[in-house]
*Asks:* 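Below is the structure I would like to discuss, written out as structure tokens.
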Amino acid sequence: MVVEVPRWTNAKMEIATKQLLNPIKQDMKKGKLRYVSNIFPHKGYIWNYGALPQTWEDPKHVDNDTQCCGDNDPIDVCEIGSKVCAIGDIIQVKILGILALVDEGETDWKVIAINIDDPEAEKFNDIDDVRKHKPGYLEATVHWLKSYKVPDGKPENQFAFNGEFKNKEFAVGVIKSTHDYWKSMLHKKSANGEIECKNVTVSESPFCCTEDEAASIVQSTPSPGSPTPISSEVDTWHFL
């Protein structure tokens, strides 16, 4: 997985799929940097949050289980290990299960996984192991995902399967299907819309470019400006 948001942080960092080479950047709304609210008793994100590369939730595909189309993003991962990762870390994870979030009418799968280098990784092989060894974590995950937009005036998110976590086998099936959608997009067998597919690794893709071209894109990126002060509102606790 690619880590976008370290655990306990609030900045809504994400892979910018509509920019060349898909850098990680902080999301903005109405000209302001976005931060997730603190939902009591938590501080920021409650896992290392990120995405599986080479996956895509196709916005034109209606999922049989959720009856909603994909959210046009890579599939999300909630990594439950003990280490707090850093933005941009690439870690190998063990898939444990999956939750079907429906976010404003779009399918938004959340994979539950653990870093294979975690000291306790050998204890975790399926979703029931999370219930056994980290009691309360799955319930907290549902509560967080259901509620995190409420402080912004939005309704609670909904779930397929009545908020039930599906097991590893089911999760792997979903991941494989999103990988197939990604492959179709990279080979122009399905429309990519505004998603930038330029890459240096998929040689048979018409979007593939040379490493020199990619380096030129990176070097032409504007230098960071002065940091924007973080509002004290980011530290507010919301009791729902």
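This one's a predicted model, so the numbers in the text were calculated from it and none came from an experiment. Just so it is clear, the values below take in all heavy atoms, side chains as well, and ignore hydrogens, waters and symmetry mates.
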*Asks:* Which distance, rounded to the nearest 0.5 Å, do you find between the SG of C197 and the CE of M185?
*Replies:* 4.5 Å
*Asks:* Would you find a donor on one side and an acceptor on the other, under 3.5 Å apart, between the side chain of N48 and the backbone of K83?
*Replies:* yes
*Asks:* To check you understand the geometry: which heavy-atom pair defines the closest contact between D152 and S37, and what is its length?
*Replies:* OD1-OG, 4.2 Å
*Asks:* Do the side chain of Q26 and the main chain of R34 share a donor and acceptor less than 3.5 angstrom apart?
*Replies:* yes
*Asks:* When K25 is tested against each of Q19, E4, E14 for side chain to side chain donor-acceptor pair (under 3.5 Å), which residue passes?
*Replies:* Q19
*Asks:* Taking all heavy atoms of G44 and all of N10, pick out the closest pair and write down the distance.
*Replies:* CA-ND2, 3.6 Å
*Asks:* What are the two closest non-hydrogen atoms of L145 and L101, and how far apart are they?
*Replies:* O-CD1, 4.3 Å
*Asks:* For T141 and W47: C-alpha separation, side-chain torsions, deciding distance, then whether side-chain contact (heavy atoms from CB on, under 4.5 Å) applies.
*Replies:* CA-CA 9 Å; T141 293; W47 347 256; 2.9 Å; yes
*Asks:* Check this for me: does any side-chain nitrogen of one of R131 and D128 sit under 4.0 Å from a carboxylate oxygen of the other?
*Replies:* yes
*Asks:* Is a side-chain donor-acceptor pair under 3.5 Å present for S82 with D118?
*Replies:* yes
*Asks:* Nearest 0.5 Å, what's the CH2-CZ distance between W237 and F40?
*Replies:* 5.0 Å
*Asks:* Calculate, to the nearest 0.5 Å, the distance between atoms CD and CE belonging to E79 and M1 respectively.
*Replies:* 6.5 Å
*Asks:* Might you work through the side-chain hydrogen bond (donor to acceptor under 3.5 Å, both in side chains) test for N38 and D235, ending with a clear yes or no?
*Replies:* CA-CA 7 Å; N38 301 306; D235 294 324; 5.2 Å; no
*Asks:* If only side-chain N and O atoms count, and only distance matters, is there a donor-acceptor pair under 3.5 Å linking W56 with N192?
*Replies:* no
*Asks:* Assess whether a salt bridge exists between E104 and K149, defined as any Lys/Arg side-chain N lying under 4.0 Å from an Asp/Glu carboxylate O.
*Replies:* yes
*Asks:* Any chain of hydrophobic side-chain contacts (each under 4.5 Å) joining Y49 to I39?
*Replies:* no
*Asks:* Checking R7 side chain against G81 main chain: does a donor-acceptor pair fall under 3.5 Å?
*Replies:* yes
*Asks:* Has E204 got more than 12 heavy atoms of other residues, nucleotides or ligands less than 6.0 Å from its CD?
*Replies:* yes
*Asks:* Decide, yes or no, whether a salt bridge links E213 with K198 under the criterion of side-chain N to carboxylate O below 4.0 Å.
*Replies:* yes
*Asks:* Check whether F159 forms a cation-pi arrangement with K110 (NZ or CZ under 6.0 Å from the six-membered ring centre, at most 45° off the ring normal).
*Replies:* no
*Asks:* Quick check: does any side chain N or O of D63 sit under 3.5 Å from a backbone N or O of C69, one acting as donor and the other as acceptor?
*Replies:* no
*Asks:* Just wondering, are more than 12 heavy atoms of other shown residues or ligands nearer than 6.0 Å to CD in Q67?
*Replies:* yes
*Asks:* Measuring from N72:CG to D108:CG, what's the distance to the nearest 0.5 Å?
*Replies:* 11.5 Å
*Asks:* Distance-only, no hydrogens or angles: does the T55 side chain make a donor-acceptor pair with backbone N or O of T178 under 3.5 Å?
*Replies:* no
*Asks:* Report whether I98 and L138 are members of the same hydrophobic cluster (ILVMFWY, side-chain heavy atoms less than 4.5 Å apart, transitive linking).
*Replies:* no
*Asks:* What distance do I46 atom CD1 and Y137 atom OH have between them, rounded to the nearest 0.5 Å?
*Replies:* 5.5 Å
*Asks:* Do K94's NZ or CZ and the ring of F124 fall within the cation-pi criteria of under 6.0 Å and 45°?
*Replies:* no
*Asks:* Would the distance check show the side chain of S147 and the main-chain N or O of H143 forming a donor-acceptor pair, the cut-off being under 3.5 Å?
*Replies:* yes
*Asks:* Starting at CH2 of W182, measure out to CD1 of I175 and round the result to the nearest 0.5 Å.
*Replies:* 15.0 Å
*Asks:* Where the side chain of H179 meets the backbone of Q54, is there a donor-acceptor pair that is under 3.5 Å apart?
*Replies:* yes
*Asks:* Taking V5's backbone N and O only, do any of them form a donor-acceptor pair with T9's side chain (distance below 3.5 Å, no angle check)?
*Replies:* no
*Asks:* What closest approach, in Å, do N199 and S205 show between heavy atoms, and which atom pair accounts for it?
*Replies:* ND2-OG, 4.0 Å
*Asks:* Please examine the side chains of L96 and D126, heavy atoms only from C-beta on, and report whether any two atoms are closer than 4.5 Å.
*Replies:* no
*Asks:* Determine whether a donor-acceptor pair (N or O, by modelled atom type, separation under 3.5 Å) exists between the side chain of N167 and the backbone of I127.
*Replies:* no
*Asks:* When you group the ILVMFWY residues by side-chain heavy-atom contacts below 4.5 Å and let the links chain together, are M13 and L52 in the same group?
*Replies:* no
*Asks:* May I ask you to check whether F170 and F161 place their ring centers less than 6.0 Å from one another?
*Replies:* yes
*Asks:* Hey, which of W8, W144, Y35 is the one that makes ring-ring contact (aromatic ring centres under 6.0 Å, His included) with Y45?
*Replies:* W144
*Asks:* In this structure, are over 12 heavy atoms from other groups packed under 6.0 Å from K43 atom NZ?
*Replies:* yes
*Asks:* If I compare all heavy atoms of A100 with all of T66, which pair ends up nearest, and what's the gap?
*Replies:* CB-CG2, 4.0 Å
*Asks:* Any side-chain to backbone donor/acceptor pair from D89 onto I91? Under 3.5 Å, distance only.
*Replies:* no
*Asks:* Tell me whether F165 shares a hydrophobic cluster with V111, the cluster being built from Ile, Leu, Val, Met, Phe, Trp, Tyr side chains joined at under 4.5 Å.
*Replies:* no
*Asks:* Could you pull out the closest heavy-atom pair between A171 and I95, with the gap in Å?
*Replies:* CB-CG2, 3.7 Å
*Asks:* Do N22 and E196 come close enough that some side-chain heavy atom pair is under 4.5 Å?
*Replies:* yes
*Asks:* Is any side-chain heavy atom of I87 less than 4.5 Å from a side-chain heavy atom of I24?
*Replies:* yes
*Asks:* Is I195 reachable from V2 through a run of hydrophobic residues whose side-chain heavy atoms are each under 4.5 Å from the next?
*Replies:* no
